[in-house]
Amino acid sequence: MKRKWSLIIFIALLALVLVACGGAAEEPDFVTWYQYDQDNEDPASDERVGNEYLRNTIPQFNEAFAGKWTWVNQPKAFDRMTTELVAAVQAGGEVPDLFELSNTQDVIDFYRNGTAQDLMEWAQAQSWFSDLDPNGIEACKGPDGKLYCIPISQRPQLVYVWKDRYPDGYPSTPEEFLARAAELKAEGLYAITFFGSTDKGGEGLTRAIWTTISSFGGSLDDGQGNMLLNTPENTAAIEFLREIVANEYAPEIAFAGGFQEEEAFKDASAGSFPTGLFGYRYVNPLTAPDGTAYDKGSAEDMLDAIAAGDVYLTSFLSVEGQKPGCGIDVAGFVIPVGAKNVEAAHDYINWIMSPEQNATWVQGPGGGFPVLKTTQTDETFQTPFYKEAAEAVGSSACRPWYGSLQRPNEAQEVVMNAIYKLIKEDPTADIAEVLTQTQEEYNAGN
């Protein structure tokens, strides 16, 4: 009997020791919000690259941090996740430990709404900080100079071109472009397709529209937080866009919304497509002017077309005295105010910055150039696609479209609405009058 009780006591003590040592404890959840869904295995999904990335790397992270963290991703719609995070922080609700940033202008919204933590002190103490491209760091700063995101990938704007439509290179001036556009029209072809609708809250502004405005030397602000649209440079850019639309050098589908403008480049009926570097993933399948089909139905289609020489990447045209315009964005990470496991977010960021993970993230959900300089030399980024993109960006003047404007979402929508009216809805409207009215309406909210 004594031996029985001794055994029971021994087992009970052993259980207590195991609990005290953490044997029965579970690792805390490390919660992220990505626009990708690891459970979506649809090969036709637009976000299949990011979905697959998470599916592959979540187990890797959990193995690397076994006993410390368990990575749990909560997929969010890309066009609603920013407003959802702002609302959650302001309401004191549940927020993730880490937020995937895919749009630099969100930094301004987070700054205004007190949504993101300042990461400057922590980041400067990390070994990788000094290796970051300064442009990436600047893009993550708020107007107060604080660092509200960690940049991992840079996403510039450039032009995708069918070589058979522009065999002698892409036009470098508006005059050269219009001349070639007339030739292509005579062949039953379009010179260009672009995101010309007011869809997605005016997102078209950040692509061909801003590229054109900045290529004419224009801007959208006065450097002091006020919108300034009525300038000679902006007027000249809009007149150029008007001429393209009026002469039907761009297809009607450019204004249909739902990213349908891509179709005209996919079938080569349009010779060029100004968009973001990241956009190559969605423009598939492709059929070259000579009938060659790139029809894997994946991001490889565009990469294959570029490698084969059927498509090339280049900078946009510009007026005399100006470099081609170029919008730029960064993808990276935000740690929200109210995050429960900040240490987990720090561990994750350092893990992504490691040589074993950085290039994979940039090529996966990052969809651009590495911000880490050492990663830029990785073999992954020595392909024709990245080399041509680097040359195009190197010859352009890239900067965020919103400048000093502190309500970028509102600004994006009202400016795109105004330009749509001027080039499509009412092409006889007085440009100066519409631009002045738009800037006055926006500035009334400052």
Side-chain angles (χ1 to χ4, degrees), residues 157-199 204-218 233-276 279 283 286-289 310-320 322 324-327 392 396 416 418-429 431:
Q157 304 286 316
L158 34 67
V159 188
Y160 290 81
V161 183
W162 284 113
K163 186 175 182 180
D164 280 4
R165 306 302 189 221
Y166 293 93
D168 300 320
Y170 201 64
S172 60
T173 67
E175 294 77 18
E176 291 175 3
F177 178 88
L178 293 173
R180 179 57 183 155
E183 294 172 351
L184 288 170
K185 182 181 179 181
E187 299 174 26
L189 301 167
Y190 300 105
I192 191 171
T193 186
F194 61 95
F195 191 147
S197 75
T198 58
D199 198 15
L205 174 68
T206 70
R207 307 183 188 200
I209 302 300
W210 169 247
T211 295
T212 303
I213 288 173
S214 55
S215 293
F216 275 74
E233 294 82 4
N234 290 356
T235 297
I238 292 170
E239 288 173 342
F240 173 70
L241 290 169
R242 267 185 170 176
E243 190 163 358
I244 289 174
V245 177
N247 287 302
E248 299 180 341
Y249 296 153
E252 187 65 26
I253 202 171
F255 304 98
F259 303 110
Q260 294 183 67
E261 71 281 352
E262 298 169 356
E263 300 302 321
F265 192 80
K266 291 178 185 179
D267 64 16
S269 59
S272 64
F273 181 33
T275 190
V283 186
L286 298 164
T287 302
D310 282 333
V311 173
Y312 62 86
L313 305 179
T314 188
S315 53
F316 198 58
L317 55 87
S318 63
V319 298
E320 185 178 357
Q322 292 289 332
C326 173
S396 304
M416 189 64 204
I419 292 178
Y420 179 84
K421 176 180 180 178
L422 290 168
I423 68 175
K424 181 62 178 172
E425 192 175 54
D426 187 3
T428 63
I431 294 176

>> Determine whether a donor-acceptor pair (N or O, by modelled atom type, separation under 3.5 Å) exists between the side chain of Ser215 and the backbone of Ser318.
In response: no
>> Has Asp199 got a side-chain atom pairing as donor or acceptor with Gly258's backbone, closer than 3.5 angstrom?
In response: yes
> Quick one: does Gln260's side chain have a donor or acceptor within less than 3.5 Å of a partner on Gly257's backbone?
Replying inline: yes
> Does any N or O in the side chain of Ser269 come within less than 3.5 Å of the main-chain N or O of Ala264, such that one atom is a donor and the other an acceptor?
Replying inline: yes
> Just by distance, do the side chain of Glu261 and the backbone of Ile253 share a donor-acceptor pair under 3.5 Å?
Replying inline: no
>> Taking CD in Glu320 as the centre, count heavy atoms belonging to other residues, nucleotides or ligands within less than 6.0 Å. Is the count above 12?
In response: no
> Do Leu317 and Glu176 come close enough that some side-chain heavy atom pair is under 4.5 Å?
Replying inline: no
> side-chain contact (heavy atoms from CB on, under 4.5 Å) between Phe255 and Ile423: does it pass, once the steps are laid out?
Replying inline: CA-CA 11 Å; Phe255 304 98; Ile423 68 175; 4.3 Å; yes
> Testing Ile244, Ile419, Leu241 for side chain to side chain contact (heavy atoms under 4.5 Å, CB included) with Thr212, which one passes?
Replying inline: Leu241
>> Restricting to non-hydrogen atoms, name the atom on Thr193 and the atom on Pro274 that form the minimum distance, rounded to 0.1 Å.
In response: O-CD, 3.3 Å
> What's the shortest heavy-atom distance between Ala182 and Tyr249, and which atoms?
Replying inline: CB-OH, 3.7 Å
> More than 12 foreign heavy atoms under 6.0 Å from NZ of Lys163: is that the case here?
Replying inline: no
> Got more than 12 heavy atoms from elsewhere within 6.0 Å of CD, Glu248?
Replying inline: no
>> Using every non-hydrogen atom in the two residues, find where Ala237 and Ile213 come nearest and quote the distance to one decimal.
In response: CB-CA, 3.8 Å
> Does the side-chain contact (heavy atoms from CB on, under 4.5 Å) test come out yes or no for Arg165 and Leu189, once each step is laid out?
Replying inline: CA-CA 9 Å; Arg165 306 302 189 221; Leu189 301 167; 3.6 Å; yes
> Looking at Val311 and Tyr160, what are the two nearest heavy atoms and their distance?
Replying inline: CG1-CD2, 4.4 Å
>> Evaluate Trp162 against Phe265 for ring-ring contact (aromatic ring centres under 6.0 Å, His included), listing each step before the verdict.
In response: CA-CA 8 Å; Trp162 284 113; Phe265 192 80; 5.2 Å; yes
>> Between Tyr312 and Tyr170 (side chain of the first, backbone of the second, donor and acceptor by atom type, cut-off under 3.5 Å), is there such a pair?
In response: yes
> Between atom NZ of Lys266 and atom OG1 of Thr287, what is the distance when rounded to the nearest 0.5 Å?
Replying inline: 10.5 Å
> For the atom pair CH2 (Trp210) and CZ (Phe316), what is the distance rounded to the nearest 0.5 Å?
Replying inline: 13.0 Å
>> So which atom in Ala392 and which in Ser396 form the shortest heavy-atom distance, rounded to 0.1 Å?
In response: O-OG, 2.8 Å
>> Testing the basics here: between Arg242 and Leu422, what is the closest heavy-atom pair and its distance to 0.1 Å?
In response: NE-O, 2.6 Å
> Quick one: are Ile209 and Phe194 in side-chain contact, heavy atoms under 4.5 Å?
Replying inline: yes
> Any sub-3.5 Å donor-acceptor pair from Lys185's side-chain atoms to Asn247's backbone N or O?
Replying inline: yes
> How far does CZ of Arg207 sit from CG of Leu158, to the nearest 0.5 angstrom?
Replying inline: 12.0 Å
>> Donor-acceptor pair, distance only, cut-off 3.5 Å: does the side chain of Tyr166 make one with the backbone of Ala191?
In response: yes
> Rounded to the nearest 0.5 Å, how far apart are CZ of Phe216 and CD of Glu239?
Replying inline: 9.0 Å
> What distance separates Gln322 CD from Ser214 OG, expressed to the nearest 0.5 Å?
Replying inline: 8.5 Å
